[in-house]
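Residue numbers start from 1 in every chain, and the chains themselves are labelled A, B, ... in the order their sequence lines are given, proteins ahead of strands.
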Number of protein chains: 2
Amino acid sequence: MKKQLIMEKAIELFAKQGFEATSVQQITEHCGISKGAFYLSFKSKDELIIEIIDHFMIQFTSEIDYLVRNAREGENLLYKFYYAIFDSFRKHSDFGKILIKEQSRSFNEDFIVKMRYYDRLMDKTILSMVERLYGDDKVKEIKYDLVFCIKGFMSMYSQLFLFYNIPLDLDLLSTSLVEKTNLLAKNATIPFISKGLIEVFEEPKLEDLTKEQILLTLDQEIEEMEESVEKESLLLLKQQLIEPTFGRAIIKGLLENIRNHPQTRWISYLLGSFFNI
Amino acid sequence: MKKQLIMEKAIELFAKQGFEATSVQQITEHCGISKGAFYLSFKSKDELIIEIIDHFMIQFTSEIDYLVRNAREGENLLYKFYYAIFDSFRKHSDFGKILIKEQSRSFNEDFIVKMRYYDRLMDKTILSMVERLYGDDKVKEIKYDLVFCIKGFMSMYSQLFLFYNIPLDLDLLSTSLVEKTNLLAKNATIPFISKGLIEVFEEPKLEDLTKEQILLTLDQEIEEMEESVEKESLLLLKQQLIEPTFGRAIIKGLLENIRNHPQTRWISYLLGSFFNI
DNA sequence: TTGACAGATGACCGGTTAGTCAGTATTATA
DNA sequence: TATAATACTGACTAACCGGTCATCTGTCAA
């Protein structure tokens with residue numbers, strides 16, 4: 001698939017030079033294809049960046065969300081969270097650079113909407129982690145501040161190794177941030193970000209997906225797949241969506257079946273979110 | 001002065017659309033002048049952004065540095081620091097937006113050098129504040145982490161009100177961050193950023209200004225000024241630079257004389273830094 | 001009224017861009 | 001092998017960019 005190749009090379013160039021400073025010509029030259037061929041795979045340069053963002057953010061968001069949802073009591077969830085975040089940044093450092101460089105760009109409306117959307121998803125995940133870690137009511141007052149601090153830690157420390165290619169000790173980094181986060185969670189008493197404030201910022205509200213929306217995506221996915229365990233799982237999950245019959249264990253198992261395939265990872269995240277598993 | 005007008009309108013447009021997405025044509029249209037007139041005030045579009053950056057960062061850097069250097073024992077320096085930072089962001093929110101949007105842009109070498117330079121200056125100031133607040137040796141191990149966390153707080157929370165124009169309670173915000181910072185400073189035990197790591201990042205080293213460099217800037221400034229208390233102060237400070245005769249009190253007084261004038265603010269910062277006052 | 005001159009103008013230049021499309025090459029099918 | 005379908009090419013377009021410069025304008029002193 002040419003699409004794959006174009007995306008890979010484009011990510012390299014965007015990371016090095018930025019989106020606007022990279023021309024379609026340059027991308028095609030690096031791919032060894034013609035300019036026309038580019039427009040067979042993508043309708044426009046904007047569509048390319050949107051697809052890149054989607055590809056990585058879907059992976060990233062669902063991976064972290066899975067981690068939080070499936071954390072066992074007693075294990076160090078926070079440590080795993082930080083480790084996964086930074087490990088992901090390290091593995092996909094070129095994409096990370098794009099994310100930071102273009103994070104608040106205003107050249108394209110769709111782009112901003114996309115970024116805000118994924119940012120909100122991450123907020124939701126971090127918030128549910130905070131509630132799970134420290135007890136919903138215990139940190140009630142400062143939980144939104146905690147989300148902000150955690151995001152602050154993430155962004156500051158990831159800049160460190162995105163822009164200086166030095167092998168960093170991720171274990172130490174995660175341990176250090178766990179301690180810092182715990183200190184804040186257990187001792188901070190003066191919240192700044194209140195529930196009301198959050199609601200103002202989150203206008204318009206991030207609605208939960210309706211059953212119908214998920215069904216739509218699900219049907220699309222099923223159509224495109226060949227016969228396999230994954231397809232069977234999807235069909236069963238579709239049935240469950242229309243008329244609940246299975247218990248949590250079966251649903252969880254079915255989701256597990258489709259979680260590790262790029263094509264179905266997003267569906268797995270959506271369904272997990274809907275069934276609250 | 002046309003320069004002033006152009007800079008003002010350019011800042012508005014850069015904040016809204018970004019630097020690259022704003023054309024010289026657009027700027028001149030917003031000013032009601034011709035394209036040619038633009039090039040009478042600035043050699044190029046790049047020179048414009050550099051001048052904007054310098055104009056604000058000199059003001060910002062020297063203001064914060066003065067605050068830290070002249071903090072009295074017992075007063076809440078940290079609170080004043082946070083308050084000043086956020087107040088400045090609020091006052092110059094358009095510039096703040098540019099700073100965040102273009103912070104890691106790679107379109108212009110000079111621009112990146114400039115940004116890194118001011119970033120380092122801020123690091124230095126924050127570090128000296130941390131040492132002053134918590135004792136040089138007490139926080140020896142985690143002081144660099146503290147600098148990072150403080151910067152993380154700054155960037156996360158300033159994004160809040162740069163991109164949502166809601167009147168925020170700066171007093172509460174500052175108080176809240178003071179508590180968080182103190183918690184980390186007094187209880188954190190696991191450092192991640194070591195002195196060695198910092199040195200790698202700061203390559204090449206940020207050298208202290210030599211006497212000669214300051215003298216050069218000083219002479220330039222003196223040349224351009226008309227007779228005034230400020231000019232007299234500059235002349236005396238120049239003498240002091242060549243041959244130290246005055247005590248700290250006099251130097252501090254002289255610096256105070258020139259601190260609040262846009263033209264001499266930078267010199268005041270440089271000299272304060274050199275005399276360590 | 002004249003002339004000199006700084007300040008301002010906008011048509012213009014060379015260069016680059018995203019995107020198009022008529023035509024060519026490659027592969028699949030019959 | 002002939003034909004149809006698909007994949008690919010790169011010259012081309014229209015628009016826009018930063019920057020230049022011959023020309024014009026308004027304001028002075030003489």
Would you please name every residue forming a side chain to side chain donor-acceptor pair (under 3.5 Å) with [X], sequence neighbours left out?
X: A/Ser233; result: A/Asn257
X: B/Glu230; result: B/Ser228, B/His261
X: B/Asp87; result: B/Arg90, B/Lys91
X: B/Lys211; result: none

How long is the line joining [atom1] of [X] and [atom2] of [N], in whole Å?
X: A/Asp46; N: C/dA18; atom1: CG; atom2: P; result: 10 Å
X: B/Phe38; N: D/dC21; atom1: CZ; atom2: C1'; result: 17 Å
X: A/Gln17; N: C/dT16; atom1: CD; atom2: P; result: 14 Å
X: B/Phe19; N: D/dC17; atom1: CZ; atom2: C1'; result: 12 Å
X: B/Glu20; N: C/dA18; atom1: CD; atom2: C1'; result: 15 Å
X: A/Lys43; N: C/dA18; atom1: NZ; atom2: C1'; result: 16 Å
X: A/Tyr39; N: C/dT17; atom1: OH; atom2: P; result: 11 Å
X: B/Lys45; N: D/dT20; atom1: NZ; atom2: P; result: 15 Å

Can you pull every protein N or O that's under 3.5 Å from an N or O on nucleotides 22-26 of chain C?
none

Hits for side chain to side chain contact (heavy atoms under 4.5 Å, CB included) against A/Glu12, two or more places apart or cross-chain, chain-then-number order -> A/Lys9, A/Asp94
Under a 3.5 Å threshold, yes or no: a donor from one side chain and an acceptor from the other, between A/Thr217 and A/Gln220? no
Donor-acceptor pair between B/Gln59 and B/Tyr269 side chains, under 3.5 angstrom: no
Relative orientation of the end axes in the helix from C/dT1-D/dA30 to C/dA30-D/dT1, expressed as an angle to the nearest 10° (five pairs per end): 10°
Using the six-membered ring of A/Phe19, assess whether NZ or CZ of A/Lys45 lies under 6.0 Å from its centre and within 45 degrees of the ring axis. yes
Value for OG1 (A/Thr22) from CG (A/Leu13), rounded to nearest 0.5 Å, stands at 5.5 Å
Once you round to the nearest 0.5 Å, how far does CZ of A/Phe42 lie from CE of A/Met7? 5.5 Å
For residues A/Glu47 and A/Ser41, report the shortest heavy-atom separation together with the two atoms involved. OE1-O, 4.2 Å
Sorted by number, residues from residues 22-31 of chain A placing a heavy atom under 4.0 Å from DNA chain C are A/Thr22, A/Ser23, A/Val24
Please collect all side-chain hydrogen bond (donor to acceptor under 3.5 Å, both in side chains) contacts where either partner lies in residues 23-36 of chain B, sequence neighbours excluded, each pair once. B/Gln17-B/Gln26
Is the shortest distance from a Lys or Arg side-chain nitrogen in A/Asp65 or A/Lys124 to a carboxylate oxygen in the other one below 4.0 Å? no
Would a line drawn from the ring center of B/Tyr157 to the ring center of A/Phe148 be shorter than 6.0 Å? yes
Across nucleotides 5-10 of chain C, 5' to 3', mark each nucleotide with B, S or - according to how protein heavy atoms within less than 4.0 Å reach it. ---BBB
Could you go through residues 48-56 of chain B and list every donor-acceptor pair under 3.5 Å that involves a side-chain atom there, pairing it with any protein atom two or more places apart or in another chain?
residue : atom : partner  : partner atom : Å
B/Glu51 : OE2  : B/Lys3   : NZ           : 3.2
B/Asp54 : OD1  : B/Tyr118 : OH           : 2.5
B/Asp54 : OD2  : B/Lys114 : NZ           : 3.1

Please write out each protein N/O paired with an N/O of nucleotides 23-28 of chain D under 3.5 Å, distance rounded to 0.1 Å.
none

May I have the step-by-step check of side chain to side chain contact (heavy atoms under 4.5 Å, CB included) for B/Val24 and B/Tyr39, ending in yes or no? CA-CA 10 Å; B/Val24 175; B/Tyr39 287 93; 3.7 Å; yes
